[in-house]
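Beneath this line is the structure, given in structure tokens, with notes to follow.
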Amino acid sequence: MAVDRELLRELPKVDDLLKSDRGLAWLAAYPRRYVLDAVRAVIEGRRSEILLGKSVGVSMDELAPGIETMIKGLCAPSLRPVINATGIVVHTNLGRSALSESAIQNVVEVARGYSNLEYEIDRGARGERYSHITRLLCETTGAEDGLAVNNNAAAVLVAISALARGREVIVSRGELVEIGGSFRIPDVMAQSGAILREVGTTNKTHLRDYEEAISEKTALILKVHQSNYRITGFTEEVPVEELVALGRECNVPVMHDLGSGCLVDLGARAGIHGEPTVRQAVKAGPVVLTFSGDKLLGGPQAGIIVGSRGYLEPIRKHPLLRALRIDKLTLAALEATLRAYIDEDTAIGVIPTLKMLLEPTESVKKRAQRLAAMLNKCISSSAIVRVIEDETYSGGGALPMQKIKSYSVSILPAAAISVNALEERLRLGAPHVIARINGDALLLNLRTVPDSELKALAMRVCEALT
Ligand SMILES: *Cc1c(COP(=O)(O)O)cnc(C)c1O
């Protein structure tokens with residue numbers, strides 16, 4: 001195909017575009033670097049198309065929309081809110097837990113200026129950053145002492161480094177887990193300088209397996225929550241109580257990585273069984289327990305370490321703690337989140353993760369019906385909208401086998417648009433909607449969509465279908 005030389009000559013120069021009214025408006029509104037990048041990229045794109053023999057528009061009017069979209073894309077925040085219509089409450093890829101209003105408020109207050117992060121107001125002297133949460137951790141878990149680091153992976157790493165470096169840590173082969181792709185117990189063990197002493201088999205580990213492995217080289221028995229998987233069939237694991245009893249006899253401390261770390265009894269409250277509370281886990285007697293701040297606890301990303309003072313002391317003094325320490329904004333959110341747990345009923349009323357998990361199914365159904373009604377007003381024949389019974393999971397490595405009842409709005413698009421195209425439109429638009437496809441239908445699971453997002457969600461779906 002012939003290259004249109006005339007068109008190439010007509011293509012505006014970068015400078016001409018920048019000096020045009022539009023160009024000046026862009027430069028006034030956006031960073032110069034991004035305006036230049038966008039103008040250059042769009043002109044270059046057109047040039048390549050012309051060289052391929054294509055006939056394209058080259059006037060300012062024809063170039064401007066593409067440039068503007070590109071500038072806006074470059075200037076938009078990369079990390080931004082999405083509507084989670086998957087129903088998975090603790091969704092690691094979507095940021096795990098939403099914060100309570102009081103936690104958000106506390107972050108804003110502390111972010112705005114100086115704080116007593118490491119300063120004791122009463123004494124007018126240097127203080128400790130962990131002091132802001134220690135008492136709350138003790139009150140809410142029943143432990144003797146507590147602190148927090150960057151995340152639970154860090155909590156496990158620093159605890160094992162401080163308590164078992166150069167010595168053996170006994171772990172059941174049924175608990176050598178990998179979580180979230182990069183947290184693997186054997187790797188964490190290697191990194192900490194401790195020696196992993198595997199006992200038992202994948203499906204069965206007995207008390208005698210631990211017993212036989214204990215020697216003068218043993219520093220710790222580690223119990224790890226299986227989190228995101230279950231071994232079913234003929235299985236056997238040793239309860240922490242029995243490990244603690246064995247440990248007492250042999251003078252070996254027991255550490256428990258709880259993973260999620262739930263502070264309220266979900267079994268008693270909602271019939272969601274299988275996750276012991278942190279308080280119950282503390283009672284079982286391990287000297288150190290670790291859990292996440294942003295899983296079932298419903299707070300910011302953090303790794304919480306609670307246990308006996310004597311064993312937390314070397315952790316506090318370990319050099320890694322400085323590298324893994326929690327920042328003031330997280331601390332502000334964590335303190336406010338923990339404060340809500342002083343009264344359990346308050347906690348389940350204000351912490352979004354708990355509210356979503358514990359919301360009665362009937363109430364989720366009503367929200368689904370409201371959404372369906374809103375949609376039916378705007379979409380007429382472009383799709384069939386139905387409210388259907390659905391289920392979901394808590395996510396975040398807790399309760400992987402425990403289905404939670406929910407309701408979804410099912411959208412079966414008419415021939416004009418495929419379900420995949422609909423899913424993509426919802427995902428790419430603003431605000432982004434993350435939904436799930438089931439056969440020919442798109443499912444919007446309402447357990448994770450609060451009332452406050454319902455209108456925006458309805459508008460997005462209507463837009464996407466028309
Ligand atoms: C989730 C999890 C971790 C990692 O916690 P992060 O807070 O994501 O670092 C470690 N151990 C167990 C058992 C877990 O479930």
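Each ligand, and each atom within it, is numbered from 1 in the order the structure gives.
At the shortest separation from atom 15 (O) of ligand 1 among protein heavy atoms lies S227 OG, 2.4 Å. Looking only at heavy atoms of the protein, atom 9 (O) of ligand 1 is closest to A153 N, 2.9 Å. Counting protein heavy atoms only, atom 11 (N) of ligand 1 is closest to D257 OD2, 2.7 Å.
Near F183, meaning under 4.0 Å from any of its heavy atoms, are these atoms of ligand 1: 10 (C), 11 (N). Taking every non-hydrogen atom of S292 and a distance limit under 4.0 Å, the qualifying atoms of ligand 1 come out as 5 (O), 6 (P), 7 (O). Contact atoms of ligand 1 toward H225: 13 (C) (distance under 4.0 Å to a heavy atom of the residue).
For Q191, the CD atom counts as loosely surrounded, since its 6.0 Å shell holds 12 or fewer non-hydrogen atoms of other residues, nucleotides or ligands. Residue-environment remark: CG (D440) stays at or below the threshold of 12 foreign heavy atoms within 6.0 Å. Atom NZ of K328 has more than 12 heavy atoms from other residues, nucleotides or ligands within 6.0 Å. Around atom CZ of R386, no more than 12 heavy atoms belonging to other residues, nucleotides or ligands sit under 6.0 Å away.
Ion pairing between D451 and R370 holds under the 4.0 Å rule for side-chain N and carboxylate O. Looking at E313 and R309, no side-chain N of the basic residue comes within less than 4.0 Å of a carboxylate O on the acidic one, giving no salt bridge.
The backbone N or O of G299 lies less than 3.5 Å from no partner atom in the side chain of T337, so there is not a single donor-acceptor pair.
Closest heavy-atom approach to atom 3 (C) of ligand 1 within the set N151, V156, N152, V224: this belongs to N152.
Contacts between R96 and ligand 1, counted as non-hydrogen atom pairs separated by less than 4.0 Å, involve the side chain only. Only the side chain of I179 comes within contact range of ligand 1, with a heavy atom under 4.0 Å; no backbone atom does. Residue contacts with ligand 1 for K295 involve side-chain atoms from C-beta outward but no N, CA, C or O (heavy atoms, distance under 4.0 Å).
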